[in-house]
Amino acid sequence: MSDDDDIELEARLAEQAVFEPSDSFVEQANVSDPGIYEEFEENWPDCWEAAADLLEWDEEYDQVLDDSNPPFYEWFTDGKLNASANCLDRHLDERGDETAIEWVGEPVDEDDRSFTYEELHREVNECAAALRDLGVGEGDVVTMYMPMIPELPIAMLACARIGAPHSVVFAGFSADALATRMNSADSEYLVTCDGYYRRGDPLDHLEKANEGLSGVEHEVEDVIVTERLRDGDGFGHDYADNQHTYDDLIADHEGATVDPVQRDAEDMLFLMYTSGTTGQPKGVKHTTGGYLSWAAWTSQAVLDVKPDDTYFCSADIGWITGHTYIVYGPLTLGTTTMMYEGTPDHPDRDRLWEIVEEYEATQLYTAPTAIRAFMKWGAEYPDQHDLSSLRLLGTVGEPINPRAWKWYYKHIGNEDCPIVDTWWQTETGGMMVTTLPGVKDMKPGSAGPPLPGIDADVVDTNGEAVGAGRAGYLTVNKPWPGMLRTLYKNDERYIEEYWAEYSDTDSDDPEDWVYFPEDGAKLDEDGYVTVLGRVDDVLNVSGHRLGTMEIESAIVGVEGVAEAAVVGGDHPVKGEAVYAYVITEDGYEETDELRDRIIAGVEDAIGPIARPERVVFSPDLPKTRSGKIMRRLLEDIANEAELGDTSTLRNPDIVEDIQRKIRDN
Ligand code: ATP
Ligand code: MG
């Protein structure tokens, strides 16, 4: 395409505010009946039998929802099932030879691996037998501290098979983070690895794991070490007496089978500690029946997953997105799920596109931060590849600004794939607000309406609905199957964190209980939700409340800007002033001219009140492993304050760099 055509297309897309899904998509969509919204509303909560029906139950449940003790809701009560049997055994007859997991390893030695359902079933059984022989019993929490290697989902499913909840800790987290989580969960077992590759170089992971283990306050029974490194790349660790290699354990249990333990629908499937962007990590508890049905239903309805797909979610399994939308949702539906190890720019910036092309991926589910990076690198990378296998695109993790949305739509989806912008949280277990791709039009910048059966609203500080067009707080008025059940061993904090704000906490009436996700939002006249970011990301400039996301979106709309983060810096007169940290697009210089255009862009879009006090150019922004900008840190930097914990950062080096710029400027 010539540059002129490109500019014309850009201009047309820039104008367009509503996008319809293509007829060809709608015709084949899993959900295409617009009546589903009304139907679910009328039949609530029984509508959620549709989710339960996607599972195989050993014993039928007696009741869809038990809401007698809010906010401790129970779903599918007295139903019995096993999550690993749902992900594996039930597919063996029909799909045993089909690929379950397609693993694309860091490109050090071409060691991609794929597992059919039959093969995955066998290895999960062997791993389950090994865990059981080590003494892992039903209810024992097993911690996993592993990168994106196949043994991670295998160990998760093995735990599920024997009824041992797992707690996965991001491999990139610090030793301290591991210790804190093992202590909090009283976890006596750890599955980890010797090391892994990052941009081709071996990293010593066991050293970090061992350091973490030394901070665990109780006795750790056993540690399983997967040997990921090739011969010669090892770091020469001696294994302690309670440390076993994964391969030895599997070899000792060759061909072993373990009957899946019947679990109660409400039994814990796993614990997931939230990333801690906003403070102390919280041990979010998810259950077997409610969570799994939610994972399956949303994968089917929103990601349009079908058994014959090759579905690609580029998240890390150490994040909830990987749990729900790499492991549990896709496998429950019997599809091929991909997992890739590494980074999108190694060996080159077309890594993802190469994978999509080679494996003919049918869906791609990724994060806005990745899309903004792709945009910064330029369209020449996806343009080198045939991406025509893609049918649907998705994003999660942060609001996506319209410019990045349109870039994704055009350059990755060829203007033919619907995009689902999915709002949800670790706590919600799965998607809550997004368009059903075969039913609803898309509006870039807005996630969409709440899913059928989800009763969400935007309210003011008194809990009154604010109506269309006004900013307020997102709330969820009715429970849903995938919701967290509590914070691990801390019912009080569960109520405090998520319910106290808008509920009558003395009441037994579920009508008086409202879930508060702590996000700001706005509704439009069609009921579409624009998420404005976290409540604590709202700035107060001279008495005006400004959403950081709105300002960021205005800045990213300026030509030459790839990514922006806005925080409040203390200001003697205004209270808070807008600090903007900006990454430029490749090919653009960090000039005063660009700075002026950024300031003008914000004034145009929002008004002079939002005018940035400082615009700081930076090659990168501090991000968590899940790709979220650590605004809390940027705020500390703006205020030249003591920095909090940086141990969960993906790129800690950038912090000093930015600090220097603020100081020297
Ligand atoms: P912590 O709760 O520990 O601070 P976290 O909130 O980053 O960590 P997650 O559960 O991974 O952990 O993130 C959920 C949050 O991500 C949501 O509350 C919301 O702020 C943001 N988010 C996720 N998806 C979207 C989306 N599509 N649009 C806007 N915001 C989103
Ligand atoms: Mg959160």
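Every number for a ligand or one of its atoms is a count from 1 in the order of the listing.
Using a 4.0 Å cut-off to heavy atoms of D519, the atoms of ligand 1 that qualify are 17 (C), 18 (O), 19 (C), 20 (O). Which parts of ligand 1 touch T422 is read off a 4.0 Å heavy-atom cut-off, strictly below it: atoms 24 (N), 25 (C), 26 (C), 27 (N). Which parts of ligand 1 touch W319 is read off a 4.0 Å heavy-atom cut-off, strictly below it: atoms 11 (O). If you number the atoms of ligand 1 from 1 as listed, the ones under 4.0 Å from a heavy atom of T426 come out as 9 (P), 10 (O), 11 (O), 12 (O). Interface atoms of ligand 1 facing W424, defined by a heavy-atom separation under 4.0 Å, are 14 (C), 17 (C), 23 (C), 24 (N).
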Can you list, pair by pair, the side-chain donor-acceptor contacts under 3.5 Å of residues 466-476, counting residues two or more places apart and other chains?
unit_1 : atom_1 : unit_2 : atom_2 : d
Y473   : OH     : R545   : NH2    : 2.9
T475   : OG1    : D457   : O      : 3.3

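A cation-pi arrangement is absent between K285 and Y488, since the terminal nitrogen or guanidinium carbon is not both under 6.0 Å from the aromatic centre and inside a 45° cone about the axis.
Closest heavy-atom approach to atom 24 (N) of ligand 1 among the candidates G533, P281, G397, G394: G397.
For the pair T395 and ligand 1, the shortest N or O to N or O distance does not fall below 3.5 Å. Close N/O approach between V396 and ligand 1 is not found [any backbone or side-chain N/O within under 3.5 Å].
Ion pairing of K489 with D186 is present here, as a side-chain N (NZ or NE/NH1/NH2) and a carboxylate O approach within less than 4.0 Å. A salt bridge links E550 to K522: at least one charged side-chain nitrogen sits closer than 4.0 Å to a carboxylate oxygen. The pair E552-R372 fails the salt-bridge criterion, with no side-chain N (NZ, NE, NH1 or NH2) lying under 4.0 Å from an Asp/Glu carboxylate O.
Remark: distances from the non-hydrogen atoms of A447 to ligand 1 are all 4.0 Å or more.
Across D421, D524, T435, T530, a single residue satisfies side-chain hydrogen bond (donor to acceptor under 3.5 Å, both in side chains) together with K443, and that is D524.
With 3.5 Å as the limit, one finds a donor-acceptor pair spanning the side chains of S187 and T143.
At least one donor-acceptor pair closer than 3.5 Å links the side chain of S618 to the backbone N or O of D620.
With a heavy-atom cut-off of 4.0 Å, R534 touches ligand 1 through its side chain alone. Counting heavy atoms closer than 4.0 Å to ligand 1, residue T321 contributes nothing at all. Only side-chain heavy atoms of V531 come within less than 4.0 Å of ligand 1; its backbone N, CA, C and O stay farther off.
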